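Structure first, commentary second.
The analysis underlying the following values was restricted to heavy atoms, covering all of them including side chains, and did not include hydrogens, waters or symmetry mates. Since the model is a prediction, treat every value here as computed from it, not as a measurement. Proteins get letters first, then strands, A, B, ... in listed order; numbering begins at 1 in each.
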Amino acid sequence: MLNLFTRRALQVIKGIPEGKVMTYGGVAALAGKPGGARQVSRLLHAMSEKYDLPWHRVINARGKISLKPSHGYELQKALLESEGIGFTRDDTIKLSIYLWDGVFREIIEEK
DNA sequence: CCACTGACTACTT
DNA sequence: CAAGTAGCCAGTG
């Protein structure tokens, strides 16, 4: 059985809507373990297929794709663009626009 | 059970 | 800006 943090992290990842992204650290924080970014990366690496995760919606804290070219980078970028996410000139995603902060952000912006 | 690994991050040189 | 480093810690074999 998976431990609590892992299960919550998987939930968080599955909860990222189309057209939005989250950082590894962000997912870890929402799952209850700030600083657990590395575990999140590990989860995606090892379990994205088995648990059918929208793995492409998780990027690093600088707004860039962490995968290396020819090792998923292009695929991830294509998937994100197909959801309407835009990249800047140097392949950076503007977190101020696309970052999914969960329901809290939704509520704040609805006002 | 133990060691290894990892798509991270913030901070310091 | 680039490079190094110390935390991070659970799935996997």
Please report, rounded to the nearest Å, how far the [atom2] atom of [N] is from the [atom1] atom of [X].
X	N	atom1	atom2	value
Y24(A)	dA10(C)	OH	C1'	17 Å
L4(A)	dG11(C)	CG	C1'	16 Å
K50(A)	dA10(C)	NZ	C1'	13 Å
R42(A)	dC8(C)	CZ	P	16 Å
R8(A)	dA10(C)	CZ	P	13 Å
R38(A)	dA6(C)	CZ	P	13 Å
D90(A)	dC1(C)	CG	P	10 Å
R62(A)	dA2(C)	CZ	C1'	11 Å

- request: State which residue, out of K14(A), E18(A), Q76(A), M22(A), fulfils the side chain to side chain contact (heavy atoms under 4.5 Å, CB included) condition with R57(A).
  value: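 The passing option is E18(A).
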
Going by atom type alone, with no hydrogens or angles, which donor-acceptor pairs under 3.5 Å involve a side-chain atom of residues 38-53 of chain A and a protein atom two or more places apart or on another chain?
| unit_1 | atom_1 | unit_2 | atom_2 | d |
| --- | --- | --- | --- | --- |
| S41(A) | OG | R38(A) | O | 2.8 |
| S48(A) | OG | L44(A) | O | 3.0 |

message: If I take atom CG from residue L95(A) and atom NZ from residue K64(A), how far apart are they, to the nearest 0.5 angstrom?
response: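 The NZ atom of K64(A) is 11.5 Å from CG of L95(A), to the nearest 0.5 Å.
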
Atom pair CE/OG1 of M1(A) and T6(A) - distance to nearest 0.5 Å: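 Reported to 0.5 Å precision, the distance equals 10.0 Å.
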
- prompt: Is the CD atom of Q11(A) crowded by more than 12 outside heavy atoms at less than 6.0 Å?
  reply: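 Open.
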
Whether over 12 other heavy atoms sit under 6.0 Å from R62(A) CZ: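 Not more than 12 within 6.0 Å, no.
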
- prompt: 5'-most contact on DNA chain C: L2(A) or G35(A), nearest heavy atom basis?
  reply: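 Comparing both residues, the 5'-ward one is G35(A).
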
- prompt: Want to settle it: does P34(A) or T6(A) sit nearer the 5' end of DNA chain C, counting the closest nucleotide to each?
  reply: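 Per heavy-atom nearest nucleotide, the more 5' residue is P34(A).
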
- request: Heavy atoms of chain A, cut-off under 4.0 Å: which first and last nucleotide of DNA chain B, 5' to 3', fall inside that, if you could look?
  value: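 So the contact region on DNA chain B extends dT5(B) to dT9(B).
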
Categorize [X] for me: base, sugar-phosphate, or nothing, with a 4.0 angstrom heavy-atom threshold over every strand shown.
X	answer
I65(A)	nothing
G25(A)	sugar-phosphate
K64(A)	nothing
K33(A)	sugar-phosphate

- prompt: Do L67(A) and W55(A) come close enough that some side-chain heavy atom pair is under 4.5 Å?
  reply: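 Side-chain contact under 4.5 Å: yes.
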
